[in-house]
Protein chains: 2
Amino acid sequence: MITTRDIAERIGVSVSTVGRALADDPRISEETKGRVRQAASELGYVGNRAARMMRGASSNVVALVIPDIRNSFYSTIAHELSKNMEAEGFQLMLSETDDDRMAELRHLRELSANRVAGVIIVPTARPHSESVKLLRAVPHLQLLRKHPSLGSQWFGVDDHEALRRATAHLVAQGHTRIAYLGGPEELPTGAERLRGFRTALREGGLPDDAGRTELGPPSSVQHGREAVRRLLEAPDAPSALVSGSIQLTLGILEELSRQGVKVPGELSVVGFGDEPGFSWWGPGLTTVGLPIQEMATGCALWLLRRLKTKPSNDGPYTSVSPGSLILRGSTAPPGGRGPSKSA
Amino acid sequence: MITTRDIAERIGVSVSTVGRALADDPRISEETKGRVRQAASELGYVGNRAARMMRGASSNVVALVIPDIRNSFYSTIAHELSKNMEAEGFQLMLSETDDDRMAELRHLRELSANRVAGVIIVPTARPHSESVKLLRAVPHLQLLRKHPSLGSQWFGVDDHEALRRATAHLVAQGHTRIAYLGGPEELPTGAERLRGFRTALREGGLPDDAGRTELGPPSSVQHGREAVRRLLEAPDAPSALVSGSIQLTLGILEELSRQGVKVPGELSVVGFGDEPGFSWWGPGLTTVGLPIQEMATGCALWLLRRLKTKPSNDGPYTSVSPGSLILRGSTAPPGGRGPSKSA
DNA sequence: TTGAAAGCGCTAACAG
DNA sequence: CTGTTAGCGCTTTCAA
């Protein structure tokens, strides 16, 4: 590897002159700068960031800690962050936790050892206490999920409102046996979405047992399939179904297609997120559209600003729009037939 | 930030003793080790990798350079790599090029400055000469696309064979006007897939002008939609369509749904990749399934081995299986009606 | 306008 | 078993 010293020796100046020339220090003559740059380019010199960091420079790496990049929710976020970060000269480190707090901890340890400049994290349900400590030492931001121990900088969506709206739509159509399929309550998002579901039932004047809930791993397509199967086999099968996770929605759709369930004839369905394919599933999936992109961009801008200004500004948090209900053909009054939009 | 020196001072030993204790050097007494570890943990010490790197330690970061993480093709790869890398203590850096050679170059510069241990890259069509130089200095591996200037370490799929099979299936059903919609020829993958398409036509005894081709940006859903529109409006509209890109396939499906084109009645379609949703699109999409996961795992293992053994072993390349044609309902003999599988 | 030298945190050779 | 010392590549005083 070529160092400043190699350049210095080659053109017969000192390393400090080389360093200054490369930093475009005004005290160095244009002529010397030229020779230095020339030599640097010929030798293929690439500055060593590790050395710079030892002199106090900060890393240009921001880490994104998420459950699983295959979830398009997260890959959209990763893309948006990456784009914004790259524009400011930052690189993106990707750490997948698979919703395992130990994996999360392992990653955070590595990230601290690497002295990353910042961390954007979708925390696991109950982060390890060491994870909490590690995060305290680096500018960070929670995304989607919010755990109190990790500070109050948070970007997310209004989960409660999103599910409330989705469910209210079904209630308004006259459904009285509605099932909710979502993540576990120990996840803040899971709890909020479930709460939104129940709020809508209550507001619709439905008894508490109108709602049947199936909670489970939110990133498991497989679990979505199984949960649907259980719901449909139960004696008092619901006439409508709301989902509280993208992956579960994928499982739901697959299983309903496989079983040939008539939607919305036998069952009305509201999905979560708006994946490619949701619009062409069966009669078109009515679903909750989420402002992921806006959220990710906001998140990136906040962190970038935070990284560029010394003082630690601790605005409490920012929540973005509740998402919008996208009406397609998968919902209709119970017992009715054909998509609601043709009613 | 806590350093070894802080620990040393706290318990009254030298920094080297601390260093050795933390490295579990057999020369240090268990008792001292205990005290050092205790202090380290109390102070929340985290080793500084930048400093270690200056002492010759190598980075534990491997970079993945791809066009766009939103493409599920790449997010699957990222996930698979991440999983394998994490198991060996490596972190994954994510660099998106958007198929822009300048963005690619910018990323490679940053990656070299950070002295990443290795790079896995899906190169742009014609990488910048500086990119080539930069890559020469770091263990790297090409993925999917193969550019001669970037060495002969390559992992990919048999694109020629994949498209040949897909097209042959249509030819066998009696189609004589088949359209191919894929990436540009300047991309190695684009060229190979197109060649596979033409091979199948030729092998089927069809004249060269039996095939109509629409080439364009492979990651653009939008382009897929437009290309389909052009194909269908043309005077001699094809009776079958093959795709050579996941994103283009998404565009194709959206547009065909939107226009209400009867598949396979009016048009037979073979997609590329097997996304969630492809199975429930219309009559079910016949498509080319790709062994992405296997490829990514192979790729990870190869690089890990390469990083752990000093000698640079340059086996030429490994190509994995050609993918398999997944038969569903979207293909049928021309003029026939109903899915081919019901024939 | 340029050089010499110190030091960031860590490891490893060389003493004790 | 432990301490002293040097040096990785760079920036930054302090001198010239």
Side-chain angles (χ1 to χ4, degrees), chain A residues 1-40 43-61 109-117 137-138, chain B residues 1-40 43-61 109-117 137-138:
Chain A
M1 268 299 166
I2 306 299
T3 72
T4 46
R5 188 172 159 173
D6 297 318
I7 301 179
E9 285 177 354
R10 183 168 222 250
I11 62 178
V13 294
S14 71
V15 281
S16 21
T17 298
V18 171
R20 285 196 271 253
L22 292 173
D24 203 24
D25 190 303
R27 292 175 302 182
I28 302 294
S29 71
E30 281 308 323
E31 197 243 324
T32 309
K33 282 185 189 171
R35 289 171 51 222
V36 169
R37 285 198 267 255
Q38 169 80 22
L43 295 171
Y45 169 80
V46 178
N48 184 332
R49 175 157 269 113
R52 275 200 253 266
M53 282 176 66
M54 288 207 56
R55 292 282 318 171
S58 88
S59 158
N60 69 333
V61 174
R109 280 209 263 250
E110 284 302 331
L111 297 174
S112 324
N114 281 92
R115 300 291 191 270
V116 295
V138 47
Chain B
M1 268 298 167
I2 308 300
T3 71
T4 45
R5 189 172 156 174
D6 296 317
I7 300 178
E9 286 175 355
R10 184 168 221 253
I11 61 177
V13 294
S14 71
V15 281
S16 27
T17 299
V18 172
R20 285 194 273 252
L22 292 173
D24 203 25
D25 190 303
R27 292 174 302 180
I28 302 295
S29 70
E30 279 309 320
E31 195 245 325
T32 307
K33 281 186 190 170
R35 288 171 54 222
V36 168
R37 285 198 268 254
Q38 169 81 20
L43 295 171
Y45 169 79
V46 179
N48 185 331
R49 176 159 265 112
R52 277 201 252 268
M53 281 175 68
M54 288 207 57
R55 293 281 319 169
S58 89
S59 159
N60 69 332
V61 175
R109 283 207 192 118
E110 286 299 333
L111 297 173
S112 325
N114 281 91
R115 299 291 191 273
V116 295
V138 45

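Small disclaimer: the values here were computed from a predicted structure and weren't measured. Lettering follows sequence order; numbering is per chain, from 1.
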Quiz item: Among all residues two or more places apart in sequence or in another chain, which pass the side chain to side chain contact (heavy atoms under 4.5 Å, CB included) test with A:T32?
Solution: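 By the side chain to side chain contact (heavy atoms under 4.5 Å, CB included) rule, A:T32 matches A:T17, A:I28, A:S29, A:V36.
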
Quiz item: With sequence neighbours left out, what residues match A:V46 under side chain to side chain contact (heavy atoms under 4.5 Å, CB included)?
Solution: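 Scan of A:V46 (side chain to side chain contact (heavy atoms under 4.5 Å, CB included), adjacent residues dropped) gives B:S112, B:A113, B:R115, B:L134.
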
Exercise. Please report the shortest heavy-atom distance between A:I2 and A:G44, naming the atom on each side.
Key: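 Minimum heavy-atom contact is CG1-O, 4.4 Å.
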
Self-check item: Closest non-hydrogen atom pair, A:A117 against A:V138
Solution: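 In terms of heavy atoms, the two residues are closest at O-CG2, 3.8 Å.
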
Exercise. Identify the 5'-most and 3'-most nucleotides of DNA chain C with at least one atom closer than 4.0 Å to a non-hydrogen atom of chain A.
Key: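 So the outermost contacting nucleotides come out as C:dT1 to C:dG9.
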
Quiz prompt | Check: A:V61 and A:N114 side chains under 4.5 Å, non-hydrogen atoms | solution =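 Not touching, per the 4.5 Å side-chain cut-off.
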
Protein-nucleotide distance ([X], atom [atom1]; [N], atom [atom2]), rounded to Å:
X: A:M54; N: D:dG7; atom1: CE; atom2: P; result: 15 Å
X: B:R115; N: D:dC8; atom1: CZ; atom2: P; result: 15 Å
X: B:D25; N: D:dG3; atom1: CG; atom2: P; result: 13 Å

Tabulated below should be each protein N or O lying under 3.5 Å from an N or O of nucleotides 13-15 of chain D; please produce it.
| unit_1 | atom_1 | unit_2 | atom_2 | d |
| --- | --- | --- | --- | --- |
| D:dT13 | O4 | A:R20 | NH1 | 3.4 |

Quiz item: Among residues 29-39 of chain A, which contact DNA chain C at a heavy-atom distance under 4.0 Å?
Solution: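 Those residues are A:S29, A:T32.
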
Self-check item: Any residue meeting side-chain hydrogen bond (donor to acceptor under 3.5 Å, both in side chains) with B:R37, in chain and number order, not counting sequence neighbours
Solution: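 Residues passing side-chain hydrogen bond (donor to acceptor under 3.5 Å, both in side chains) with B:R37: none at all.
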
Practice problem: Check side-chain hydrogen bond (donor to acceptor under 3.5 Å, both in side chains) between A:R35 and all other residues, then give those that pass, not counting sequence neighbours. | Solution: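 A:R35 satisfies side-chain hydrogen bond (donor to acceptor under 3.5 Å, both in side chains) with no other residue.
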
Quiz item: Is any side-chain N or O of A:R52 closer than 4.0 Å to OP1 or OP2 of D:dT11?
Solution: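 The answer is yes; a side-chain N or O of A:R52 sits under 4.0 Å from OP1 or OP2.
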
Quiz item: According to a strict under-4.0 Å criterion, is B:T17 in side-chain N/O contact with OP1 or OP2 of D:dG3?
Solution: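 Checking D:dG3 against B:T17, a side-chain N or O does come within under 4.0 Å of OP1 or OP2.
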
Self-check item: Where at least one partner belongs to residues 48-60 of chain A, residue pairs that pass salt bridge (charged side-chain N to carboxylate O under 4.0 Å, His left out), sequence neighbours excluded
Solution: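 Those involving residues 48-60 of chain A are A:R49-B:E110.
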
Name every donor-acceptor pair, under 3.5 Å, that has one atom in a side chain of residues 18-25 of chain A and the other anywhere in the protein, sequence neighbours excluded.
| unit_1 | atom_1 | unit_2 | atom_2 | d |
| --- | --- | --- | --- | --- |
| A:D24 | OD1 | A:K33 | NZ | 2.9 |
| A:D25 | OD1 | A:R27 | N | 2.8 |
| A:D25 | OD1 | A:R27 | NE | 3.2 |
| A:D25 | OD2 | A:R27 | NH2 | 3.2 |

Quiz item: Rounded to the nearest 0.5 Å, what separation is found between the CG atom of B:L43 and the OG1 atom of B:T3?
Solution: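 These two atoms lie 9.5 Å from each other.
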
Quiz item: Which distance, rounded to the nearest 0.5 Å, do you find between the CE of A:M53 and the CE of B:M54?
Solution: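 Separation between the atoms: 12.0 Å.
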
Exercise. Looking at every strand, decide which applies to A:T4 at a 4.0 Å heavy-atom threshold: base, sugar-phosphate, or nothing.
Key: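 Here A:T4 touches the backbone only, sparing every base.
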
Exercise. Report the end-to-end axis angle of the helix from C:dT1-D:dA16 to C:dG16-D:dC1; each axis comes from five terminal pairs, and the value is rounded to 10°.
Key: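 The end-segment axes of the helix from C:dT1-D:dA16 to C:dG16-D:dC1 are tilted 50° relative to each other.
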
Quiz item: Which residue, B:A51 or A:V15, contacts DNA chain D at a nucleotide closer to its 5' end, judged by nearest heavy atom?
Solution: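 Counting from the 5' end, the first nearest nucleotide belongs to B:A51.
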
